[in-house]
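A short worksheet on the structure shown next.
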Number of protein chains: 2
Amino acid sequence: MKKKIFIDNKPLNCPSQLKAIHDTMDLLNGKWKITIIGCLNFGNKRFMDLQREVTGIGAKMLSKELQELEINGLVSRTVLNTKPVTVEYAITAYGETLRPILREMANWGQHHRSKVKASLNGGKPG
Amino acid sequence: MKKKIFIDNKPLNCPSQLKAIHDTMDLLNGKWKITIIGCLNFGNKRFMDLQREVTGIGAKMLSKELQELEINGLVSRTVLNTKPVTVEYAITAYGETLRPILREMANWGQHHRSKVKASLNGGKPG
DNA sequence: GATATGGGTTTCCTTTTGGAAAGTAGTTTC
DNA sequence: GAAACTACTTTCCAAAAGGAAACCCATATC
């Protein structure tokens, strides 16, 4: 019999575990969310800062992604009393609880990247 | 100055870290991949088994998702010498290295779910 | 009043994703 | 040779995602 993957003593296909994973994926989906979170980790940013730093994103997508991140409590939005008005975005404490996931994804992705490279170079040696 | 999230001594927005996270997300994207992986963790499965167990998936999507998982080395495909021909899908050893990510995502998702529930019930108490 | 900056929203369009149903192909069963 | 089973692939369509450009509102500048 094939061995199974267990998470907290439950097999991974336990429906509640799969649902939980889907919930997490839903919050991080879209083309830009992780890049935005990464950008904000470097410090609080205003809308235009983000648009400049997140290469390629348009105002519409930036606005939409920020709204979703805010609704989910991962990013905060603060209107500053400046002239003209500026808006500051920041990672929340809750957003920082994503760190373990991001760490594991970064680790795995780097490992995967070097594995892919190796198989391109050495897959058919000689 | 706002504190930053660090992963292995690098700030999360380090481009290579973000790229690695994107790589990982790309492999797990789509509506069904995680469910398929979860299903296969319960044991090897044939095409029709998967179509029965992954509720709601159609043959086209199942085929496509399995191909992508196979290309990325997460799932193996074995044609068995039966009549009629059957095909067995299984998680690879490499696919099992996703476990830490899946564990963190399951943990976070469950925490998130209970937090959302709590805020629905107790957000405005009394 | 024309222009610029900040922070968006709206419109229109294309691309991508995903689903239902039918078709393909090999083999066995009747 | 018609039907059924496994394992897909193809076609056709609808919905969602995403992008470019224009537009809106406020303030300030020239």
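Chain letters run A, B, ... following the sequence lines, proteins first, then strands; residues in each count from 1.
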Would you please confirm or rule out a distance under 4.0 Å between OP1 or OP2 of D:dC8 and any side-chain N or O of B:Arg46? no

If you pin B:Ile57 and A:Val87 to their nearest nucleotides in DNA chain C, which one's is more 5'? A:Val87

Please give, in whole Å, the distance from C:dG8 C1' to A:Leu69 CG? 16 Å

Taking only the side-chain nitrogens and oxygens of A:Tyr89, find out if one of them lies under 4.0 Å from OP1 or OP2 of C:dG6. no

Between A:Thr24 and B:Gly109, is there a donor-acceptor pair closer than 3.5 Å when you use the side chain of the first and the backbone of the second? yes

Gap between atoms NZ and C1', on A:Lys60 and C:dG7 respectively (whole Å): 17 Å

Atom-to-atom span, CG of B:Asp49 to P of D:dA7 - whole angstrom: 8 Å

B:Lys33 NZ to C:dT17 C1', straight-line distance once rounded to whole Å: 11 Å

Counting only side-chain nitrogens and oxygens, does A:Lys31 get under 4.0 Å of the OP1 or OP2 atom of D:dG19? yes

Kindly say if B:Gln67 contacts the phosphate of D:dT9, meaning a side-chain N or O under 4.0 Å from OP1 or OP2. yes

Please give, in whole Å, the distance from D:dA7 P to B:Arg77 CZ? 9 Å

In whole angstrom, give the distance that lies between atom CG of A:Leu62 and atom P of D:dG18. 13 Å

Please confirm whether the shortest side-chain N or O distance from B:Gln51 to OP1 or OP2 of D:dC8 is below 4.0 Å. no

May I ask you to decide if the ring planes of A:Tyr94 and B:His112 are parallel, tilted or perpendicular, using 30° and 60° as cut-offs? parallel

Separation of D:dA15 atom P from B:Met61 atom CE, nearest Å, is 17 Å

Look at B:Ser63 and D:dC8 and indicate whether a side-chain polar atom (N or O) is within less than 4.0 Å of OP1 or OP2. no

Please confirm whether the backbone N or O of A:Pro15 pairs with a side-chain atom of A:Lys19, one donor and one acceptor, at under 3.5 Å? no

Report the residue (B:Met48 or A:Asn29) whose heavy-atom-nearest nucleotide on DNA chain D is the more 5′ of the two. B:Met48

Between the main-chain N or O of B:Glu68 and the side-chain N or O of B:Asn72, is there a donor-acceptor pair closer than 3.5 Å? yes

The answer to which of A:Lys64 and A:Lys83 contacts DNA chain D further toward the 5' end, by nearest nucleotide, is A:Lys64

B:Arg99, B:Glu104, B:Met105 screened by side chain to side chain contact (heavy atoms under 4.5 Å, CB included) with A:Glu104, the one that passes: B:Glu104

Rounded to whole Å, the CD-C1' distance (A:Glu65 to D:dA17) equals 10 Å

Looking at the side chain of B:Pro84, which of D:dT6, C:dG18, D:dA7 is the nearest nucleotide? D:dT6

